[in-house]
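Structure, as structure tokens:
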6 protein chains.
Amino acid sequence: MVEQFFEDYEIGTRRKTFGRTITETDFVVHAGHSGDFFPHHMDKEWCATQEFGQRIAHGTMIFTIGVGLTATVINPRAFSLGYDKLRFLKPVHIGDTIHTEVEITQKTPDRKRDDHGRVIEATSVVNQRGETVLYCEHIYLVQMRP
Amino acid sequence: MVEQFFEDYEIGTRRKTFGRTITETDFVVHAGHSGDFFPHHMDKEWCATQEFGQRIAHGTMIFTIGVGLTATVINPRAFSLGYDKLRFLKPVHIGDTIHTEVEITQKTPDRKRDDHGRVIEATSVVNQRGETVLYCEHIYLVQMRP
Amino acid sequence: MVEQFFEDYEIGTRRKTFGRTITETDFVVHAGHSGDFFPHHMDKEWCATQEFGQRIAHGTMIFTIGVGLTATVINPRAFSLGYDKLRFLKPVHIGDTIHTEVEITQKTPDRKRDDHGRVIEATSVVNQRGETVLYCEHIYLVQMRP
Amino acid sequence: MVEQFFEDYEIGTRRKTFGRTITETDFVVHAGHSGDFFPHHMDKEWCATQEFGQRIAHGTMIFTIGVGLTATVINPRAFSLGYDKLRFLKPVHIGDTIHTEVEITQKTPDRKRDDHGRVIEATSVVNQRGETVLYCEHIYLVQMRP
Amino acid sequence: MVEQFFEDYEIGTRRKTFGRTITETDFVVHAGHSGDFFPHHMDKEWCATQEFGQRIAHGTMIFTIGVGLTATVINPRAFSLGYDKLRFLKPVHIGDTIHTEVEITQKTPDRKRDDHGRVIEATSVVNQRGETVLYCEHIYLVQMRP
Amino acid sequence: MVEQFFEDYEIGTRRKTFGRTITETDFVVHAGHSGDFFPHHMDKEWCATQEFGQRIAHGTMIFTIGVGLTATVINPRAFSLGYDKLRFLKPVHIGDTIHTEVEITQKTPDRKRDDHGRVIEATSVVNQRGETVLYCEHIYLVQMRP
């Protein structure tokens, strides 16, 4: 646990996570967890007849695992409000390996709460070829130093 | 499979999914799937000492299951680009039951591709008390009628 | 949800589901779910010494997934009584892709309940080579129109 | 591994398995494995408004686990052909404990293969109140003594 | 990743992990992962007739999760050889919350490899009442400073 | 269930289990169960740059599955105290097939309880090449004949 107040965040701070290979197991687990069994994710024969040629990871899975990879440090002063500009930029296939890179890109006082600010953490999920496959902006509400 | 071109979408069309009870199992599965074992989701003793009092669902899980509930109809002409304004509005606890309500709220021609348009599907995940717990705007790229 | 009374069923109505590739993950999940870890399903070295040469899917798994593929439409007037003539016709191996084809083949008034009838849905699970790997007859008890 | 030829089976032989409590986890795992997320199994709020009052186990799950409980002894001379008269006799709810009782009830020479016979193992899945919740007849093809 | 050579370890260094509530889900997942469905872990009715009164966690699960909780820092100079004196001191039941406490208790040069030493990390898994439920001594082979 | 008192154990009794292929699925399930997502187990790209070249199974997994394979016979007079000399002797990779061999190697009266003895079961987990990958000594406390 690392306590960080709004004042402690610095624009430009970067962090890079470990990597994780996305396996066929993850596809099956995510289908079973989400209830989405669309053939794009589950039917390799049908996929072979389509332009993309092979099974494509669920967008919600790459988001879940990509964000999950960053969950190594808890800041008790920060609280996740949500995400903006979540985009699926490239497909992820079975056997690809992803890691996540985050960077603090914005700090603004919160409009409603005097004692809090908003911090934007730009989040890029990157594959083994260095391509960004998913991008989003994580919005944190962070307490100011008392 | 229901084929729908850009022209076929109508602003105001609504759909409501089945419900699904969020179980302790889902919490454990999501931790194991995402790799996020933060005590907010996993340690009921610690949670009992905090303001929120009990384990809170991962944001990525409510997003995954909330969106997954809508995955019942495939439109081969539509393609998910991502999401905007994803917000966690209320915590979800073990035993809550959620369903999802979607509504077509916007249609605009795509700037880069003459033969495609963008359709916004406002997505609200709602609990058993009628409270919206998660909101986001799903952005589809949809082919125009040839 | 599509309401259908006994009178609404028509002999010969057919439906075909999406496909799903049966993965090594499904084998492992099914063993862990059922508790059946027989080497026929779990030990590729031993299987290589047998006539069938490779791991064979649990019969209960092909039944579960084959029937599960049909679970897309709820009829609140129908109730599953069970199955007759469940037969494992061909082995299913890791990497095979199955889909299910159902056909209404019989309608008879129920002997015990005046206001209900029995509907038989012949269920065939078919692999990527068009071979029926599992067959069964699903027996529904369906309410008659009041 | 216990080798038993057709001649070794005796009508009336009975076996009773260990018990297993059916948990909410099993419901969630089975939904994710089968792809069947019908509210009868997954939505406790909706179930509370129905006659049956609470979530009901998938029929395919009670079959899978009930049969799985019997998978403790391998007979290399026997081969499962399928099941007859599979019936769901009582609902199974979260927290019920089931075990399985099997009995050899029939032996007949196989019509097509001179050197094999068919053995019927009547299979009853029984809950903690002694009620049979599922019944089926397991059909084995068994080699005759050479 | 925190690089630590043999010389960097100090006797008496302690670390305490986050907590994790052991759920019924973990029991079911562990049975399915290990293949051990003994009624001690799976049959609540039978357990109620025994001296211990309720389901008991698998020893291998408390070991797996207890050790897993410590897996937050990688030392590229250390390598796990195994464990000594692994003891199950108290039963763990559904709903208990455990955390792990580790302490460096021994450092000795390795007999076979001049440039390595052995470090013992005493590992205690502790429940919500402060009782040690599992104890073991983790043996690391650690490279000496070149 | 096979009842065996302390007096019934004989030094030198051996037992060999079925085999089980360790799959990529088991790696993913174990990471999710234990919370240990270290790149040694999860990142095939990084592993390819290391001396060991490919993903290595978690030690706790081989212990869990290796011991789980032996869980086929319950002795109501024996109680597991723990393990000594647990050693990881060889890495296990995706696709390896393991089985377990146990042998009763020691019997001693228990120092604290007059009516119990300790039995040591030497446990070796062996791969498809006949190499012992894990060794440990399982310590049982066994009731003496009354």
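So that the names make sense, note that chain A is the first sequence line, chain B the second, and so on, each numbered from 1. FYI, side chains are in, hydrogens and waters are out, and symmetry mates aren't considered; it's all heavy atoms of this structure.
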Checklist entry - Shortest non-hydrogen contact from A/L86 to A/F88? => result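 What the structure gives for the nearest pair is CD1-CE2, 4.3 Å.
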Item to check | Trace of the side chain to side chain contact (heavy atoms under 4.5 Å, CB included) decision for F/M1 with F/E3 | outcome: CA-CA 6 Å; F/M1 215 176 279; F/E3 187 171 74; over 6 Å; no
Looking only at heavy atoms, which of [range] get nearer than 4.5 Å to chain A?
| range | answer |
| --- | --- |
| residues 14-29 of chain F | F/E24, F/T25, F/V28 |
| residues 126-143 of chain F | none |
| residues 31-42 of chain F | F/F37, F/P39, F/M42 |
| residues 50-85 of chain F | F/R55 |

Checklist entry - Just by modelled atom types, is the A/F6 backbone N or O under 3.5 Å from a matching donor or acceptor in the A/K107 side chain? => result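 Pair found, side chain donor or acceptor close to backbone of A/F6.
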Next on the checklist: For a side chain to side chain contact (heavy atoms under 4.5 Å, CB included) check, start with the C-alpha distance between F/T108 and F/D110, then their side-chain angles and the critical distance, and finish with the verdict.
Outcome noted: CA-CA 6 Å; F/T108 47; F/D110 189 63; over 6 Å; no
Checklist entry - Do A/V119 and A/I104 come close enough that some side-chain heavy atom pair is under 4.5 Å? => result yes
Nearest 0.5 Å, please: how far is [atom2] in [Y] from [atom1] in [X]?
| X | Y | atom1 | atom2 | value |
| --- | --- | --- | --- | --- |
| F/H99 | F/S124 | NE2 | OG | 9.0 Å |
| F/T13 | F/I11 | OG1 | CD1 | 8.0 Å |
| A/M144 | A/D115 | CE | CG | 8.0 Å |

Item to check | Verdict with reasoning, A/D8 to A/R145, per side chain to side chain contact (heavy atoms under 4.5 Å, CB included) | outcome: CA-CA 9 Å; A/D8 302 329; A/R145 208 169 275 284; 2.5 Å; yes
